[in-house]
Amino acid sequence: MTQDNRLSGGQIDRTKTLNFKFDNRSYAAHPGDTLASALLANGVRLMGRSFKYHRPRGVLTAGSEEPNAIVELRSGDRQEPNTRATTIEMFDGLEARSQNRWPSLKFDALAINDRFSNFLSAGFYYKTFMWPAAFWEKLYEPMIRRAAGLGSLSMQEDPDEYDKGFRHCDLLIIGAGPSGLAAALTAGRAGSDVILADEDFALGGRLNSETFTLNDRPADEWVAQTVAELSAMPNVRLMPRTTVIGAFDHGIYGAVERTGDHLATLPSGKPRQILWRIYSQRALLCAGATERPIAFENNDRPGVMLASALRTYANRFATTAAQRVAIFTNNDDGHRTAADLHNKGVKIAAVVDVRPDVPINYDYEVLAGAQVVDTKGRLGLSFVEVKLADGSKRTLDCGALGVSGGWNPNVHLTCHQRGRPIWNEDLAAFVPGADLPPGLTVAGAANGMMSTHGALQSGAQAAVEALELGGALPDLPKAEDAQVSQTPYWYVPGCARAWLDQQNDVTVKDVKLSHQEGFRSVEHLKRYTTLGMATDQGKTSNMGGLAIMAELAGKSIPETGTTIFRPPYTPVSIGTLAGRMKGQEFHPTRLTPSHYWAKERGAVFVEVGNWLRAQWFPLPGEMHWRESVDREVRQTRASVGVCDCTTLGKIDVQGTDAADFLNRIYCNGFAKLAVGKTRYGLMLREDGIAMDDGTAGRMAEDHFVVTTTTANAVKVYQHMEFVRQCLFPDMDVQLISTTEAWAQYAVAGPNSRKLLQKIVDPEFDISNQGFPFMACANITVCGGLRARLFRISFSGELAFEIAVPSRYGDALMRRLMQEGEEFNVVPYGTEALGVMRIEKGHAAGNELNGTTTALNLGMGRMVSKKKDSIGSTLSEREGLNEADALNMVGVKPVNSEDKITAGAHLMDASGPVDAAHDQGYITSAAFSPSLDSHIGLGFLKNGGDRQGEKMRLVSPLTDLTVEVEIVSAHFVDPEGERLRA
Amino acid sequence: MRYSGFKVIQQALTGHKGWKPAWRDLELKPHYDIVIIGGGGHGLATAHYLAKIYGHHKVAVIEKGWIGGGNVGRNTTIIRSNYLLDGNEPFYEFSLKLWEGLEQDVNYNAMVSQRGIINLIHTDAQRDAFTRRGNAMILNGADAELLDADQVRREYPFLNFNDARFPIKGGLAQRRGGTVRHDAVAWGYARSADSFGVDIIQNCEVTGFRIEDGTCLGVETSKGFIGAGKVGCAVAGNSGRLMGMAGMRLPIESHVLQAFVSEGLKPVLPGVITFGAGHFYVSQSDKGGLVFGGDLDGYNSYAQRGNLPVVEDVCEGGMALMPMIGRARLLRMWGGIMDMSMDGSPIIDRTGIDGLYFNGGWCYGGFKATPASGYCFAHLLARDEPHPTATAYRFDRFRTGHMIDEKGMGNQPNLH
Amino acid sequence: MHDLVAITALGGSEPHVDTVGTVTCTEVPKVALASVAARAGREAEARKALEKLIGASAPDVGQFGGDVVSAFWTGPDQWMVEAPFDTHEELAHPTKDCVGHTASVSEQTDAWTRFDLEGTDVRAALELLCNLNCQKMGAGETARTSIHHLGCFVLCRSTGLFSLYGPRSSAGSLHHAIVAAMKSAL
Amino acid sequence: MIIHHPLLGPRDSSEFVYLGDASLIDRPDWQDDDAVTAFHDYAYLRDNPAGLHRELWFHEGGDRSWLVVTRNTVTHEITGVELARDVARAQGRSK
């Protein structure tokens, strides 16, 4: 198809032709086109369907405010719904499809809704679909959901990469129109660090759309020369294709740079878009203004456009929407469009101006004091009906109608910190108010400076003020300085189905109904009618609705209020906001020192927070994980096993007050712990609830090594720093995390000492006498490598934990395996670790669940009353010390075949099973190879006194009821003889 | 006027001339039996149940702005009763049952949609905890279902089952959970309360309480003094400020929670999903927008707006869970004020001042609680004793050590 | 002399090297680290002792300095001492000997993994990694910041050479983030 | 948000971890009669002002200092930042 609607001139590169497809039909375009301009050039006006009534829709604007021409861009896993044709930069091979229509754009079955529109008035659904109650989910809602929605997702993973970055500047200039360019020139020449961002791919803003001159030369010459000067400045960064989406606290702006959307395919490793966090000392909003429409009957037909958009398409994109065009305006700007189109050879059917006193024009007809009262044409405009000043009607034959209701300053970012714009009578529009985001100022049309001269001057002036630059303004080009005043004209009297929000199908009638039913505040209006809730965020519709509501309420517009704008300025791809943190990179992965060795051993890994830990080490022939885990447990208890426990938090606590400090941190005493000894410690939160537990080894008078659980390492460190800096600032204590510095392995089992003796250097006596239970020391291994040794046991066996610098952890593990062969050493993972600690009755994360006290955990007596420690006071509250408080207990099935389920609840042996009779719950459960039975730990009301009691364990969720016996939590070696062996 | 399909057709044929305002526009009376401060979901629901269940008609709801303009108008519309603790579960299950009959009760279609909610499981410890919770739900008469990974996959094949950093190992489902058209809840309760003669007064801001020897006699407002037999406060987000006027310090911090809506999309999400390994939960509205949210910004704020780091954090969670939404666009974001209590659970209780009652501290769980909160607050106001399902929501539970701490985070509100 | 063989944070026996465009990212395992934190009331003595150790004045906020043994500021009255691994593997000992009871010392060598980014356009990659204004960072400046959700130290050794210290256990994730940023920016 | 760290200058708030009201520095004496009440008020009651708020932030991603930040909870404007340790000492806290 040929580009019948191409005009002369413009900023497109006719030397190259790009081919693209819309709804599977091929068309030609040129570099510099947008999808919308290319479609218009090819004579395509129908581009979409509206949300509710599925009315035919054509392009309304030439920018990011577009409500109508939204399409599905690209295909396959790159399909991008709801993309504005007006902002899609043309590339060769572009594919787009219209959306929200079936079976086709020209014939859309759901257009039937339009016939019944009278029954689908605003908020109708709140009043019906209530009977029968059950029908909502089954019938009505699915119906509504299917009809609703716009574009569709590919349902496949987005294959593209996204980046995020940070940039810093003295002045961020938002918008590269006349005021933005003048500001950049001023600040740039003064040597300030400047970022100039514009959402368009061509800098220049409105100057690209106008025919008037700067210094008596075409405006684009000045733009080109200015951009050239700016890009030569090392202190100025030009960011085209970059939308500043939000003004956040303290001068931080979010900006999305579309680095790849204009390319057919992305170079490898390059992102599709980048989210920039711009840290600005000052910011200047030069976002220009948006033309507003006038509402009249059937003003939504394809071909009805904003007059300024027609002008942009003609002047910048060398395109007209039709060969015969009419203009409907209430201000002089509309006439400018007529003149430009006429000069490009487009036939002007007439200019319809609501003002009675407008000069006639000799090139084309001007109908003063007239209004457009209706339009005709099935899938696009063919006629407009005009009511003339004398009341008579006249029909104009035209394929496009340019509508101009005046201009609204783009104040959006000024509202992002809840600032309210103020009403300007001369412009009959909202302009930025006084309460702007700190550091932000506004210039140009965004600040109500509608003339080009005003824009240039105010931009330069604003830069000078923002940066407190001395001296005069740079020489700015001579430009038009037409006085702009706008008299409000929102809708043609008597219209009803006159569209305000063209995407959501909100008409003047709907606003009237909203008022009639008492939804009169702006917020109620928006919510009740969905006005301004569409993907264009009401950029072209909110004002009209507000004005009509004001009129109905007999109030002024400012009295009626304004809806405040929130980020983002235009919608942002969720992928962009996520950046690289997705898939495996969602969170950093922490690997243990023995990870690579474990991988060679074919370990199965499990996520523990950000850590990857070996869960078990399957051997060939083992079919089920239980086989591996049972073996690891049996072998460890029978001989010796090794487990990487590096993930436990380690904190070096040093200083002359270190012992005293630990006394405050732990609820039990530490002051008297001897050097060379380790002690178990329980940490409470200030509210008296158990926070974390671990051991603290005293390496020297003034040096402790504290361990925390893997999960709480960070939290505990923070807490310790809080206590150190905020509560006891004069204590001589220094803290530093050494979690990653040391590879730490548990060596457990009756032969653990024998194994260690083979690697610990001979000068260190680790016999039971020389190195008894709970001893700790700095030693050397394997011929002089510094190491730390602790005789502590989580498994209940004779056990040690040995630590060496992390880089040697891999080698040490291999050495232990090799030296341990004679003992049939076994590596064990987190599952076996868990089984053994349950067998031993050690509390862990499932028991320290943030609601349990020392009393619940069976350590009530540990809470020293003789000293001040965090949480000791509030732990005394009666609610935490009731007679039937939960106590930790062991649970065994009466029939050893039966399974214990963590999360099951305990009920009396007989009687009802319900919440009122709930006695407790299971926190941890496992199969115990040592007892050859399932076992569990849990909390039971007054459990301390209920050993031997038979109860029912119920899990209705998993459909299980088991008869169980309450036993001691210490299933294995309750006297602790093994670990002292 | 009763709403019905028939009414809609009849009005359509007569040019919609007959629709009346959903609630009357009224002048204040000098005195009411009960004045409810706060024209949000909870306040309006309280008025509805006071009138309909407890027969109190001399009731006013006063609202400093427009009704429904607070958190009931800005939330992620989720309803559920998947709580763990005895102090909570019966209350939230009561609320869910009230949701199930809401439309017929108030004759307004709030689009209560029991499309189901799934809390995803990523670790064995999480499965244990969710098993305990699911059992607690069932023991309290609610519904719960434990799903394995394959069952989740069958319902949500597009979740990240391929290269997830934290693989999905299952989920805890509550089929009766779902979503509700949030604005309609406020409007429906308002219209119903109005029909029972309750006065709804908008743009009427409380400036103080009139308290004489330990008794509250009424409230000073921007429209003058209003005498009241009893005053009930339900001003989510402003509890601290309001009760401060009565000289009270609360176990509450006000924080900002952001929420997000995407552009309209054809249906992809049948129900509600909560990501168990990141801060992200999502559903899809009937209009097609993905409605999603995550964690608090984390700092005290009354600004009703948040900052980028949390926006990014939430979207990272979204992409980690559903890599297919990369090209869907975030359309709107907003921040609401959450009255975060010290144990993450609410307060519905008398105050130390006779005639002054408090309802607040809903954290970010207030919306789903709206019907039960209104019902129980009405019960407390009418009978001067707590409703059986809300006996634990007392001010003094922190003093006595009877906290209701679902998450086990202790006295740090921004962690709940 | 012990006979255990070390591996690098990325799990190799040799350091990992990646080059994209003009920038090279090199894994640097041959460095020893020890933290120094002044004891309460003995800050001045600790500074003096540290000066002896590094042969330069104790680095001020956000600075680093020294010679073969150098130090960078990590917090109020806290520093990280840095030295070549081969000659100073047990750096914590001489450091402790030097500061005595004026400061607490902890071995930090393997708590960290180091990557050196070198090349003319190195800053283009850095602005995708961290929020520091690296354009303005001068030689001798250091700061701790967050990279890919990891707490890292950034040291500007010269306009074209930056050292990044990140947590050793996350070396793989950090390395992935750095290389991805290089590919994207260069 | 940007917090002007007294030592490090402007730093992005995302490097910090928030705790809450700076009154958490004023930990009661465990030996006071009615210490339980004092600790209850300390641990659970808040002024929660709409306006200036002194609050504790921890520079987790930085120098590990606890800071007392004076911030307006309505505008987010930050008008003061001090090292919590100095504040604690000034309020008479010691060992």
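Chain naming here is simple, since letters A, B, ... match the order of the sequence lines and numbering starts at 1 in each. Since the model is a prediction, treat every value here as computed from it, not as a measurement.
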B/Leu172, part contacting chain A, at a heavy-atom distance under 4.5 Å:
side chain

Measure up the B/Tyr108 and B/Tyr3 rings against each other and bin them: parallel (under 30°), tilted (30 to 60°), perpendicular (over 60°).
tilted

Checking B/Pro309 against chain A: side chain, backbone, both or neither under 4.5 Å from a heavy atom?
neither

Residues B/Asp405 and B/Lys407 bridged, charged N to O under 4.0 Å
no

Please answer whether the main-chain N or O of B/Ala142 pairs with a side-chain N or O of B/Asn140 as donor and acceptor at a distance below 3.5 Å.
no

Answer with side chain, backbone, both or neither: which region of B/Asn160 has an atom nearer than 4.5 Å to a non-hydrogen atom of chain A?
side chain

Interchain contact, B/Asp124 with chain A, by part (heavy-atom threshold 4.5 Å)
side chain

Pick one of side chain, backbone, both or neither for A/Gln156, based on which atoms fall under 4.5 Å of a heavy atom in chain B.
backbone

Check whether B/Asn135 reaches the backbone of B/Thr131 with its side chain - one donor and one acceptor, N or O, closer than 3.5 Å.
yes

Heavy-atom distance under 4.5 Å to chain A: side chain of B/Met111, backbone, both or neither?
both

Do you see a donor-acceptor pair shorter than 3.5 Å between the side chains of A/Asn82 and A/Gln99?
yes

Report the C-alpha distance between A/Leu275 and A/Leu577 in whole Å, list the side-chain angles of each, state the deciding distance to 0.1 Å, and finish with yes or no for side-chain contact (heavy atoms from CB on, under 4.5 Å).
CA-CA 7 Å; A/Leu275 173 71; A/Leu577 292 162; 4.0 Å; yes

Residue B/Gln284 versus chain A: region with a heavy atom under 4.5 Å
both

B/Ala129, part contacting chain A, at a heavy-atom distance under 4.5 Å
neither

B/Ile325 portion near chain A, given a 4.5 angstrom heavy-atom threshold:
both

What part of A/Thr530 gets within 4.5 angstrom of chain B, counting heavy atoms only: side chain, backbone, both, or neither?
side chain

Against chain B, label A/Met907 side chain, backbone, both or neither, depending on which of its atoms sit under 4.5 Å from a heavy atom there.
side chain

Looking only at B/Gln412, B/Glu103, B/Met137, B/Met409, most heavy-atom pairs under 4.5 Å shared with chain A are made by B/Met409

Check this for me: does any side-chain nitrogen of one of A/Asp510 and A/Lys52 sit under 4.0 Å from a carboxylate oxygen of the other?
no

Heavy-atom contact with chain A under 4.5 Å, split by part of B/Phe130:
backbone

Residue part contacting chain A, namely of B/Gln304, when any heavy atom lies under 4.5 Å
both

Is it the side chain or the backbone of B/Ala328 that comes within 4.5 Å of chain A heavy atoms, both, or neither?
both

Which bit of B/Lys7 comes within less than 4.5 Å of chain A, counting heavy atoms only: side chain, backbone, both or neither?
neither

Just by modelled atom types, is the A/Glu585 backbone N or O under 3.5 Å from a matching donor or acceptor in the A/Arg580 side chain?
no

Which bit of A/Phe51 is near chain B, if near means a heavy-atom gap under 4.5 Å: side chain, backbone, both or neither?
side chain

With a 4.5 angstrom heavy-atom cut-off, is it the side chain or the backbone of A/Arg685 that approaches chain B, or both, or neither?
side chain

Counting only non-hydrogen atoms closer than 4.5 Å, does A/Ala534 touch chain B with its backbone (N, CA, C, O), its side chain (CB onward), both, or neither?
backbone

Is chain A contacted by the side chain of B/Arg24, its backbone, both, or neither, given a heavy-atom distance below 4.5 Å?
neither

For A/Pro912, is it the side chain, the backbone, both, or neither that has a heavy atom closer than 4.5 Å to a heavy atom of chain B?
neither

Verify the distance criterion only: is there a donor paired with an acceptor across the side chains of A/Arg272 and A/Tyr162 at less than 3.5 Å?
yes

For the pair B/Asn109 (side chain) and A/Thr128 (backbone), establish whether a donor and an acceptor sit closer than 3.5 Å, ignoring hydrogens and angles.
yes

Heavy-atom cut-off 4.5 Å, strictly under: side chain, backbone, both or neither for A/Glu141 against chain B?
side chain

For B/Ile67, does its backbone N or O pair with a side-chain atom of A/His524 as donor and acceptor, under 3.5 Å?
yes

Can you say whether B/Asn411 sits under 4.5 Å from chain A via the side chain, the backbone, both, or neither, judging by heavy atoms?
both

Compute both the distance and the angle, then confirm whether B/Arg165 meets the cation-pi test with A/Phe586: under 6.0 Å from the six-membered ring centre, within 45 degrees of the axis.
no

Check: B/Gly73 main-chain N/O paired with B/His182 side-chain donor or acceptor under 3.5 Å
yes

